[in-house]
Protein chains: 2
Amino acid sequence: MSNNWHHNHQEAIRSARKALGNNERVVSLSETFKVLSDPTRLKIVLALAKEELCVFDIAKLLEVTESAISHQLRLLKTLRLVKYRKDGKMVFYSLDDEHIEDLIRIASRHVAE
Amino acid sequence: MSNNWHHNHQEAIRSARKALGNNERVVSLSETFKVLSDPTRLKIVLALAKEELCVFDIAKLLEVTESAISHQLRLLKTLRLVKYRKDGKMVFYSLDDEHIEDLIRIASRHVAE
DNA sequence: TTAATACCTGAACAATTGCTCAGGTGTTAA
DNA sequence: TTAACACCTGAGCAATTGTTCAGGTATTAA
């Protein structure tokens with residue numbers, strides 16, 4: 001009632017605003033989730049978390065073209081999620097991030113319900 | 001060398017394939033991450049994790065239209081990530097998932113580096 | 001050198017996505 | 001009844017995304 005704005009929710013809004021923190025942080029957070037939101041990319045991450053693989057191996061494993069894999073690996077490389085090691089003509093990729101596996105573990109539990 | 005296929009990576013591929021599990025599981029996993037991959041949606045989830053809010057409040061908080069919020073809430077409702085409670089003209093939403101907060105906590109650690 | 005292999009790259013494409021807009025429903029107060 | 005409010009909805013849109021395609025580089029073997 002009375003002179004409160006709209007309805008008495010200012011407290012809740014202020015509290016929620018504090019929980020959000022600054023915008024950049026939230027955007028970074030969402031970008032972290034975005035990397036894992038594509039099935040192909042998630043499969044690459046899952047595979048590389050277990051084994052070091054070359055591009056051809058990953059393409060064979062996921063049944064997609066080497067080009068598609070290469071594009072995704074470039075992104076994962078840029079985001080420093082994977083590292084690579086050259087050996088002659090081949091390039092071996094592996095996971096370069098400890099937190100990601102924890103993330104996937106928690107999410108798996110969520111999917112299992 | 002010799003009669004092995006391509007190069008001696010069959011073992012690694014077999015091991016990685018096992019780590020992937022079945023395709024549906026991975027797709028479900030990626031969909032979980034996808035929900036949190038949009039900044040607006042992530043902000044809604046963060047806000048509702050802290051406070052029960054009505055649509056108008058969320059729109060005010062995030063500075064977007066009520067329509068946009070309503071569309072996102074419909075998705076979150078469908079995925080059973082939020083629950084709602086009607087009170088007169090207003091609809092109050094709150095988070096309805098324990099795992100999501102763990103997920104965000106781990107991802108936050110990852111962003112912090 | 002030539003050919004084959006392994007991988008990378010940019011352009012172009014179809015598909016998906018998040019939002020706006022206009023209009024809808026349901027509830028409340030005058 | 002009328003108007004205001006709170007929210008929902010479908011259509012349409014611009015922007016983004018993942019992939020294919022064609023061609024490129026680098027390394028190795030013949």
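Owing to the predicted nature of the structure, the values given are computational and were not obtained by experimental measurement. These numbers come from the heavy atoms of this one structure, side chains and all, not from hydrogens, waters or symmetry mates. Below, chains carry the letters A, B, ... as their sequence lines are ordered, and counting in each starts from 1.
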>> Just the rounded figure in Å: distance from P of C:dC7 to CG of A:Asp87.
In response: 10 Å

> Rounding to a whole Å, what distance do you find between B:Met90:CE and C:dT28:P?
Replying inline: 10 Å

>> As a test of reading the structure: which of C:dG18, C:dC19, D:dC8 is closest to the side chain of B:Arg41, going by heavy atoms?
In response: C:dG18

> Could you state the CD-C1' distance from B:Glu66 to C:dG23, rounded to the nearest angstrom?
Replying inline: 15 Å

>> Can you work out whether B:Arg74 or A:Leu75 has the more 5'-proximal nearest nucleotide on DNA chain D?
In response: B:Arg74

> Parallel, tilted or perpendicular: which fits the ring planes of A:Tyr84 and A:Tyr93, with parallel below 30° and perpendicular above 60°?
Replying inline: tilted

> Tell me: NZ of B:Lys34 to P of D:dT16, nearest whole Å?
Replying inline: 16 Å

> When the distance from NZ of B:Lys60 to C1' of D:dC7 is rounded to whole Å, what number comes out?
Replying inline: 17 Å

> Do B:Ser67 side-chain and D:dT9 base share a donor-acceptor contact under 3.5 Å?
Replying inline: yes

> Cut-off 3.5 Å, side chains only: do A:Glu51 and B:Ser15 have a donor facing an acceptor?
Replying inline: yes

> Expressed in angstrom and rounded to an integer, what is the separation of B:Arg85 atom CZ from D:dC7 atom P?
Replying inline: 12 Å

>> Mind checking if B:Lys86 touches a base, just sugar-phosphate, or nothing, with heavy atoms under 4.0 Å?
In response: nothing

>> D:dT17, OP1 or OP2 - any side-chain N/O from A:Gln72 closer than 4.0 Å?
In response: no

> In whole angstroms, how far is the C1' atom of D:dG18 from the CG atom of A:Leu36?
Replying inline: 16 Å

> Do A:His71 side-chain and D:dT20 base share a donor-acceptor contact under 3.5 Å?
Replying inline: yes

>> From the set D:dC8, D:dT19, D:dC7, return the single nucleotide nearest to any side-chain atom of B:Ser70.
In response: D:dC8

>> Both A:Lys89 and B:Ile69 contact DNA chain D. Taking the nearest nucleotide for each, which residue is further toward the 5' end?
In response: B:Ile69

> What is the distance from atom CG of B:Leu46 to atom OG of A:Ser30, rounded to the nearest 0.5 Å?
Replying inline: 10.0 Å

>> I need the A:Ile69 CD1 to A:Leu76 CG distance, nearest 0.5 Å.
In response: 9.5 Å

> Just how far, in rounded Å, is P of D:dT16 from CG of A:Asp38?
Replying inline: 18 Å

> So, for B:Ala47 and A:Leu20, which heavy atoms are closest and what is the spacing to 0.1 Å?
Replying inline: N-CD2, 4.0 Å

> If you look at every strand shown and take non-hydrogen atoms under 4.0 Å, does B:Tyr93 touch a base, only sugar-phosphate, or nothing?
Replying inline: sugar-phosphate

